[in-house]
Amino acid sequence: MDQQETYKELKKFRDHVVKQARANLTRAGKKASGKLYNSIDATVKAMPNSIGMYFDMETYGAYIDKGVNGTWRGFGSRFSFKNKMPPMSKLDKWIVMKGIAPRDKGGKFVSRKSLQFLIARSIYRRGIKPSLFFTKAIDGAYKKLPDELIKKYGLDAEKITTQALDQIISKVNANKRT
């Protein structure tokens, strides 16, 4: 398999992963604002002696995919909240989009700050169940890759997923340092 054919197959792989990840995200009911959905992308770069593939999405996509262990419940994820609750400010838009407006026993609306705290505390304790929207997309596309390509480059679906998610998370950590 020459480099041009390899490049063509990897572009098909990329397109399938992006399309399926978006579809899986929608099916899982995880498409609130569309920000994560629209951020899922990938590039294939051909260099003289190698070909690279790079996936990108909003950082929180890695946590939605693999889940996050809470303090009360674990999902076997490598991610956990440890001693820090999720940021309450990130929940504000989501609460509005979902139309969540609970009332107390007297019929008065609960303040948004209180609601943000209660939801953040619940997520902190219960964690985030893995959706595997990205993992399943890579697994499905991997099965369609030609055997020759898999052998030549030693490709492994789990390794591709882990490397892609690590790249996405390290991008944020690098931005925090600058």
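Pairing each heavy atom of Ala21 with each of Ala137, the nearest pair is N-CB, 3.5 Å. The two residues Phe75 and Gly127 make their nearest non-hydrogen contact at CE1-C, 4.0 Å. Taking every heavy atom of both residues into account, Met57 and Phe133 meet most closely at SD-CZ, 3.8 Å. Contact detail for Arg103 and Val110: the closest heavy-atom pair is C-CG2, 4.0 Å.
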Before you tell me yes or no, could you show the steps for Lys11 and Lys8 under side-chain contact (heavy atoms from CB on, under 4.5 Å), namely the whole-Å CA-CA distance, both residues' side-chain angles and the distance that decides it to 0.1 Å?
CA-CA 5 Å; Lys11 281 176 64 176; Lys8 184 179 168 186; 5.8 Å; no
Should Asp2 and Thr6 be marked as a side-chain contact (heavy atoms from CB on, under 4.5 Å) after you check the CA-CA gap, both sets of side-chain angles, and the distance that decides it?
CA-CA 6 Å; Asp2 69 2; Thr6 302; 5.7 Å; no
Are Leu165 and Arg78 close enough, and set up right, to give a side-chain contact (heavy atoms from CB on, under 4.5 Å), and what steps lead you there?
CA-CA 12 Å; Leu165 294 176; Arg78 65 182 182 153; 4.0 Å; yes
Before giving the answer on salt bridge (Lys or Arg N to Asp or Glu O under 4.0 Å), spell out for Glu9 and Lys12 the whole-Å C-alpha distance, their side-chain angles and the decisive distance to 0.1 Å.
CA-CA 5 Å; Glu9 287 298 325; Lys12 285 198 297 192; 3.4 Å; yes
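The hydrophobic cluster containing Ile100 also contains Ile128, counting ILVMFWY residues as joined when their side-chain heavy atoms lie under 4.5 angstrom apart, directly or transitively. Side-chain heavy atoms closer than 4.5 Å link hydrophobic residues (I, L, V, M, F, W, Y) into clusters, and following such links, possibly through other members, connects Phe81 to Ile119. Criterion: ILVMFWY side-chain heavy atoms under 4.5 Å apart, direct or through other members. Under it, Leu118 and Met88 are part of a common hydrophobic cluster. Linking Ile, Leu, Val, Met, Phe, Trp and Tyr whenever their side-chain heavy atoms come within less than 4.5 Å leaves Leu36 and Met97 in two separate clusters.
Panel note: side chain Ser131, backbone Ala28; no donor-acceptor pair is recorded below 3.5 Å. In this structure a side-chain-to-backbone donor-acceptor pair under 3.5 Å is missing from Arg125 to Thr71. Put simply, the side chain of Thr162 never gets that close to the backbone of Lys159: no donor and acceptor are under 3.5 Å apart. A donor-acceptor pair under 3.5 Å is formed between the side chain of Asn69 and the backbone N or O of Ser77. Tyr54 contributes no side-chain N or O that, together with a main-chain N or O of Ala164, makes up a donor-acceptor pair within less than 3.5 Å. One N or O on the side chain of Asp65 and one on the backbone of Thr135 form a donor-acceptor pair closer than 3.5 Å.
Atom CG of Leu115 is separated from atom CG of Leu91 by 8.5 Å, given to the nearest 0.5 angstrom. Note that CZ of Phe109 is 14.0 Å distant from OG of Ser114, once rounded to the nearest 0.5 Å. In this structure, OH on Tyr60 lies 14.0 Å from CD1 on Ile169, to the nearest 0.5 angstrom.
Cation-pi check for Lys144 over Phe13 is not met; the charged atom does not lie both under 6.0 angstrom from the ring centroid and within 45 degrees of its normal.
Between Phe55 and Phe134, a ring centre-to-centre spacing shorter than 6.0 Å is recorded.
Residues forming a side chain to side chain donor-acceptor pair (under 3.5 Å) with Ser33 (at least two apart in sequence, or on another chain): none. Scanning for side-chain contact (heavy atoms from CB on, under 4.5 Å) contacts around Arg126 gives Arg73, Ser122, with sequence neighbours left out.
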